[in-house]
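It should be emphasised that the depicted structure is a prediction, and the values quoted were computed from it without experimental measurement. Counting starts at 1 for both ligands and their atoms, in listed order.
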Amino acid sequence: MRKNVIAGNWKMNKLLGEAVQFVEDTKDKVASKEQVESVVCAPFPFLPSLVEKAKGTDLEVAAQNMHFEDKGAFTGEVSPAMLADIGVTYVVLGHSERREMFAETDETVNKKAHAAFQHNLTPIVCVGETLEQRESHQTMNIVENQVNAALEGLTEEQVKQTIIAYEPIWAIGTGKTATSEEANEVCTHIRNVVSNSVSQAAGEALRIQYGGSVKPTNVDELLAQSDIDGALVGGASLEADSFLQLVEAGKK
Ligand SMILES: O=C[C@H](O)COP(=O)(O)O
């Protein structure tokens with residue numbers, strides 16, 4: 001049985017004190033790692049303090065992005081080596097906001113996925129279609145291409161450890177959620193794509209999150225679907241109570 005991963009992506013929100021308080025309020029209340037993986041994806045300046053605060057608990061800390069090189073002349077960037085060095089354990093790659101606004105491409109996402117594994121960081125790779133692509137029936141093709149490109153060249157073992165977040169772009173921060181059936185249909189397709197392009201075992205092991213206006217009120221229905229193994233949550237992860245309710249829903 002695949003374990004759910006509930007990841008709260010704060011995006012560019014909170015100040016340091018608020019971020020630390022959130023971890024203080026949740027770190028001893030999240031369910032055990034054996035039941036569900038609980039992750040907060042925080043802005044770079046907060047990461048060392050949050051890792052320190054969450055140490056020895058079941059709460060994991062993630063970055064929202066990184067560069068693919070270990071070091072060098074990349075002003076303003078943060079390397080996977082730096083993240084691993086301070087104890088970060090997960091990293092979000094290819095979020096649609098980065099693809100749209102910061103020139104992230106399938107190629108850079110793939111380089112970052114390789115770099116993540118070099119540093120024992122678990123990648124949460126985001127894929128998803130725009131409203132226009134959905135309406136012109138391109139969803140499955142778009143998502144398939146994004147998944148294959150992101151996983152290109154990874155070993156079977158690495159693919160098994162990868163988390164894919166399926167986030168239809170039209171459902172992010174809009175209050176519009178894909179129906180649980182619509183979300184599951186795409187997640188099933190992703191699993192089949194990985195089963196065919198990597199191996200049946202990799203397809204079965206890979207965790208696939210849904211993201212896009214997930215809230216405590218709709219999470220149960222989404223997580224009840226056969227191919228949805230967690231959620232990547234923006235808005236509803238900003239408050240400790242709401243995040244804890246989502247984690248609770250993810251317990252197996
Ligand atoms: O990374 C999270 C997603 O972009 C979803 O954001 P949202 O829950 O605010 O719609």
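For His95, a nitrogen or oxygen atom sits less than 3.5 Å from a nitrogen or oxygen atom of ligand 1, counting backbone and side chain alike.
Taking 4.0 Å as the cut-off, Ser213 counts as a neighbour of ligand 1 on heavy-atom distance. Remark: distances from the non-hydrogen atoms of Lys215 to ligand 1 are all 4.0 Å or more. Remark: distances from the non-hydrogen atoms of Cys41 to ligand 1 are all 4.0 Å or more.
Interface atoms of ligand 1 facing Ala171, defined by a heavy-atom separation under 4.0 Å, are 10 (O). Every atom of ligand 1 is numbered from 1 in the order shown, and the set under 4.0 Å from a heavy atom of Gly212 is 5 (C), 10 (O). Under a 4.0 Å criterion applied to the non-hydrogen atoms of Gly173, ligand 1 contributes the atoms 7 (P), 9 (O), 10 (O). Residue Ile172 has at least one heavy-atom neighbour below 4.0 Å for each of these atoms of ligand 1: 4 (O), 5 (C), 6 (O), 10 (O). Atoms of ligand 1 found under 4.0 Å from any heavy atom of Gly235 (numbered from 1 in listed order, with element): 7 (P), 8 (O), 9 (O).
The shortest contact between atom 2 (C) of ligand 1 and any protein heavy atom is with Glu167 OE2, 3.2 Å. For atom 1 (O) of ligand 1, the closest heavy atom belonging to the protein is Asn9 ND2, 2.9 Å. Of the protein's heavy atoms, Gly234 N, 2.8 Å lies nearest to atom 8 (O) of ligand 1.
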Query - side-chain hydrogen bond (donor to acceptor under 3.5 Å, both in side chains) evaluation trace for Tyr210 with Glu182 - result: CA-CA 11 Å; Tyr210 169 76; Glu182 277 172 335; over 6 Å; no
Report task. Evaluate the side-chain hydrogen bond (donor to acceptor under 3.5 Å, both in side chains) criterion for residues His95 and Gln64: first the C-alpha distance (whole Å), next the side-chain angles of each, then the deciding distance (0.1 Å), finally the verdict. Result -> CA-CA 8 Å; His95 190 281; Gln64 299 174 6; over 6 Å; no
Query raised in the report: For Asp241 and Gln245, what are the C-alpha separation, side-chain angles and deciding distance, and is it a side-chain hydrogen bond (donor to acceptor under 3.5 Å, both in side chains)?
Result: CA-CA 6 Å; Asp241 282 354; Gln245 285 179 52; over 6 Å; no
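Residue contacts with ligand 1 for Cys126 are absent, since no atom lies close enough (heavy atoms, distance under 4.0 Å).
We find the CG-NZ distance between Leu59 and Lys27 to be 9.5 Å, quoted to the nearest 0.5 Å.
Using the six-membered ring where Trp is involved, Phe243 and Phe22 have ring planes that are tilted, between 30° and 60° apart.
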